[in-house]
Number of protein chains: 2
Amino acid sequence: MRDIDIAEVAALSGVRASTLRFYEEKGLIASHGRRGLRRLFDSAVLDRLALIALGRASGFSLDEIARMFAPDGRPRIDRKMLSAKADELDRTIRRLNSMRDGLRHAAVCPAPSHMECPTFRRLLRVAAAGKISEPRKAKKAQRKRS
Amino acid sequence: MRDIDIAEVAALSGVRASTLRFYEEKGLIASHGRRGLRRLFDSAVLDRLALIALGRASGFSLDEIARMFAPDGRPRIDRKMLSAKADELDRTIRRLNSMRDGLRHAAVCPAPSHMECPTFRRLLRVAAAGKISEPRKAKKAQRKRS
DNA sequence: CTGCCAGTTCAAGTGAACTTGAGGTCAAGG
DNA sequence: CCTTGACCTCAAGTTCACTTGAACTGGCAG
């Protein structure tokens, strides 16, 4: 339970200071006090950030995550919600699987135009049908220069 | 190759008229002419829209998609890019799989607090490590009232 | 001919999740 | 003591993919 300052939290968690301030404003994390102006965080904030990362990765919005460990402080996670999210994730995974297979096929398909390939056309039907969740860009460590 | 108007395209594709205009402005689709003010689309636009849906579903941005069948018109899709995207999708799927398993576990885990559950803590590490692409909300047919 | 109404344009708004900029403060080092 | 630089606040900006609103147009039914 040592106090660490925002720069250290940023370094340890990989989350930028501006994001940490933003998260605090949203009520996702809390600073424990100040030294001068500087926020002091409890080292437990690192677990909290991991939890937030988990939530984001599982498709929860920040608001949903905030609601998860809301009023008191410690994570009170709704098991029903988790289950539902797992199911949703499952459906997404299934669709992404067909997408991947289709892309993989299209990449090697000998048909002169993709539009003439039956596999590609089937893929198109899948895509046109289930509107799919949007995976957007993977943003890995988008760490630009200092 | 019949001409169809925007309302019909919307009805057949499930894409809203405003989105179709937006896509046209972005150069993703093209209208073939006008009857009065009204756009006329070639029915081939439906294939194009399926292609766009496919691209979006696979994680391409609209700009990337636009570049795919850019200057001339017909889809000249870079097989290398497809392959790369398939790989990326594959990695995303793998991560989502652990997420789902972890969520599933957390939903039934008997530990008094999730933080005390080793499986949950492992999940946390996965989430904290790979920053994962964001699946965001599934938006299926988000057809609100008129 | 008259209106209707679905279409049109263009600008601005939305929402999520942050980032950036301007201007200010303060603990610590020289 | 005074400068420095990391941190602070608050507002505004950014990106993406659209949606909405206001004001307008024109084909077609009556």
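So you know, we letter chains A, B, ... as the sequences are listed, proteins then strands, and number each from 1. Remember, it's a predicted structure, so these values are computed and weren't measured experimentally.
- Classification of Arg104(A) and Asp87(B) as a salt-bridged pair holds, one side-chain N sitting under 4.0 Å from a carboxylate O.
- Evaluation of the side-chain hydrogen bond (donor to acceptor under 3.5 Å, both in side chains) rule for Glu24(A) yields Ser31(A), Arg39(A) as partners, not counting sequence neighbours.
- Applying the side-chain hydrogen bond (donor to acceptor under 3.5 Å, both in side chains) criterion to Asp101(B), with sequence neighbours excluded, gives no partner residue.
- Of the residues in residues 17-29 of chain B, those placing a heavy atom less than 4.0 Å from an atom of DNA chain D are Ser18(B), Thr19(B), Phe22(B), Tyr23(B), in numerical order.
- dG5(D) atom C1' lies 13 Å from atom CG of Asp5(A), rounded to whole Å.
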Grab the N/O contacts between the protein and nucleotides 10-15 of chain C below 3.5 Å, and write none if there aren't any.
none

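- Computed from coordinates, the Asp63(B) CG to dC16(D) C1' distance equals 9 Å when rounded to whole Å.
- Follow the hydrophobic side-chain contacts under 4.5 Å out from Leu28(B) and you never reach Leu40(B); the two are in separate clusters.
- Expressed to the nearest 0.5 Å, how far CG of Leu46(A) lies from CZ of Arg48(A) amounts to 12.5 Å.
- Note: CD1 (Ile52(A)) to P (dA16(C)) measures 16 Å, nearest angstrom.
- With sequence neighbours left out, Phe120(B) forms a ring pair (Phe, Tyr, Trp, His ring centres under 6.0 Å) with His114(B).
- Scored by the side chain to side chain contact (heavy atoms under 4.5 Å, CB included) test, Val45(A) finds Val9(A), Ile29(A), Phe41(A) as partners (sequence neighbours excluded).
- For Asp63(B), the side-chain hydrogen bond (donor to acceptor under 3.5 Å, both in side chains) partners at least two apart in sequence or on another chain are Lys26(B).
- A salt bridge does not link Glu64(A) with Arg56(A): every distance from a Lys NZ or Arg NE/NH1/NH2 to an Asp or Glu carboxylate oxygen is 4.0 Å or more.
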Tabulated below should be each protein N or O lying under 3.5 Å from an N or O of nucleotides 21-23 of chain D; please produce it.
none

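- Between the CZ atom of Arg39(A) and the P atom of dC26(C) there is a distance of 14 Å, rounded to whole Å.
- For Arg94(B), the salt bridge (charged side-chain N to carboxylate O under 4.0 Å, His left out) test picks out Asp90(B), with sequence neighbours left out.
- Of the candidate nucleotides dC7(D), dA17(C), dT19(D), dA17(C) has the atom lying nearest to any side-chain atom of Arg56(A).
- Between Ile4(B) and Ser43(B), the shortest heavy-atom contact is CD1-CA, 3.8 Å.
- Rounding to whole angstrom units, CD1 of residue Ile65(A) and P of dA17(C) are separated by 8 Å.
- Taking atom CZ on Arg16(B) and atom P on dT8(C), their separation rounds to 15 Å, with Å as the unit.
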Please encode protein proximity along nucleotides 25-30 of chain D as a string of B, S and -, counting only heavy-atom distances under 4.0 Å.
BSS---
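- Within the structure, salt bridge (Lys or Arg N to Asp or Glu O under 4.0 Å) pairs that include any residue of residues 110-123 of chain B comprise Asp47(A)-Arg121(B) (at least two apart or interchain).
- With sequence neighbours excluded, the residues forming a side-chain hydrogen bond (donor to acceptor under 3.5 Å, both in side chains) with Asn97(B) are Arg100(B), listed by chain and number.
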